Amino acid sequence: MVVVWRNVIMFGYLHLAAVYGMYLALTSAKLLTSAWAWLMYVLSGLGITAGAHRLWSHRTYKANFPLRVILAAFNTLAFQNSIYDWARDHRVHHKYSETDADPHDARRGFFFAHIGWLLCRKKVEVIEKGKGLDLSDLENDPVVAFQKKYYIILMPITCFLIPTIVPVYFWNESWTNAWFVATLCRYTFTLNMTWLVNSAAHIWGNKPYDKTINPSENISVALGALGEGWHNYHHVFPWDYKAAELGNYKLNFTTAFVDFFARIGWAWDLKTVPKQVVMRRY
Ligand code: ST9
Ligand code: ZN
Ligand code: ZN
């Protein structure tokens with residue numbers, strides 16, 4: 001295993017900064033700054049769940065150009081690498097789940113599946129199997145291609161610069177509070193909520209749809225990950241736009257978001273699984 005020390009240092013700093021950000025949020029930051037951080041957690045989270053995950057990795061629905069632009073902007077705010085890279089790794093994760101070709105193979109334990117896989121070089125199996133995937137749909141989407149091409153410029157502006165400047169400019173927050181609360185704490189929190197799907201939801205929970213796999217139904221993860229904790233269902237039926245059997249909006253905010261855009265005609269072809277097909281898995 002080849003450790004990437006640059007990432008160890010970066011994630012170490014991020015987590016220390018996030019703890020300091022939490023302290024500042026409870027002591028000196030303005031309430032509006034915390035509300036702003038919360039809003040960005042939700043928006044960037046949607047850029048991952050409704051965007052990189054349900055739209056671009058799995059094609060569970062179709063979205064018009066403006067919605068794809070909004071989702072790509074939210075996605076850039078989340079800084080989890082470009083949509084293209086994210087969807088490529090995620091498709092490998094589904095196709096070769098819990099094998100040597102799975103980028104965050106949960107058989108290697110909670111820490112590896114959560115963050116460890118981002119701290120070392122990928123196994124050759126991951127890269128080899130990934131090269132065998134058809135990614136032409138991503139290559140042909142101009143929104144995905146644009147974000148990938150300009151990621152190195154767009155990401156720092158969207159994930160770090162704007163979130164820090166807004167509280168200082170609009171409600172006279174201090175630079176320290178804006179940086180640690182709205183930017184670093186919010187970013188690190190959103191990362192961890194995402195990573196829990198790979199770690200906790202691959203270890204703990206019920207498995208009503210397929211007992212032979214590790215992905216599980218985990219309600220706590222679903223709450224923090226805007227509806228992405230229903231992971232036993234999702235690995236069995238990855239084409240369902242709800243990424244869950246039931247459409248409970250409280251435990252699946254992403255579904256409410258996609259449904260809203262379907263209602264105004266910006267999203268369509270929402271794929272689901274017929275009830276009888278789901279029942280056959282019980
Ligand atoms: C982050 C990502 O946090 C998190 C993803 C989580 C996924 C969760 C999924 C769960 C379901 C959805 C739930 C969502 C819930 C959301 C809730 C929200 C509230 N196939 O990668 P490199 C090739 S990122 C084919 O450098 P190394 C390719 O040619 C955080 N080919 O590998 C590539 O070149 P290029 C911020 C592949 O050198 C070349 O290899 N970002 C594949 O082993 C080198 O690729 C960071 O911290 C493949 N799969 O390095 C950066 N992969 O890219 C972290 C690679 O030019 N990453 N190739 O095409 C890194 O530093 C590195 O990737 C590394 C590995 C050190 C981890
Ligand atoms: Zn999974
Ligand atoms: Zn998936």
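The structure displayed is predicted, hence computed values, not measured ones.
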Could you tell me whether the side chain of [Y] reaches within less than 4.5 Å of the side chain of [X], counting heavy atoms only?
X      : Y      : answer
Asp102 : Arg107 : no
Ile219 : Trp230 : yes
Asn232 : Pro208 : yes
Phe74  : Ile48  : no
Asn214 : Ile203 : no
Thr99  : Asp105 : no
Asp89  : Trp117 : yes
Tyr249 : Phe257 : no

Should the ring pair [X] and [Y] be called parallel, tilted or perpendicular, given that the plane angle runs from 0 to 90° and is split at 30 and 60?
X      : Y      : value
Phe79  : Tyr151 : tilted
Tyr233 : Phe237 : tilted
His234 : His53  : perpendicular
Tyr150 : Phe146 : tilted
Phe189 : Tyr41  : perpendicular

Which heavy atom in [X] sits nearest to a heavy atom in [Y], and how many Å separate them?
X     : Y      : result
Leu71 : Leu55  : CD1-CD2, 4.0 Å
Val3  : Val8   : CG1-CG2, 3.8 Å
Thr33 : Pro167 : OG1-CB, 4.2 Å

Open item on the list: Asp137 vs Arg91, test: salt bridge (Lys or Arg N to Asp or Glu O under 4.0 Å). Steps then yes/no.
Closed with: CA-CA 13 Å; Asp137 58 315; Arg91 287 180 187 180; 2.7 Å; yes
Would you say the ring centers of [X] and [Y] fall short of 6.0 Å from each other?
X      : Y      : result
His104 : His202 : no
Tyr23  : Phe180 : no
Phe110 : Trp204 : yes

Open item on the list: Between Asp259 and Lys242, does any NZ, NE, NH1 or NH2 come within less than 4.0 Å of an OD or OE carboxylate oxygen?
Closed with: no
Open item on the list: Do the side chains of Asp134 and Arg59 get close enough for a salt bridge, i.e. N-O under 4.0 angstrom?
Closed with: no
Open item on the list: Test of understanding: clusters of I, L, V, M, F, W, Y form through side-chain heavy atoms closer than 4.5 Å, transitively. Do Met155 and Trp86 belong to the same one?
Closed with: no
Task: Spacing of Leu26 atom CG and Ser34 atom OG [to the nearest 0.5 Å] - done: 8.0 Å
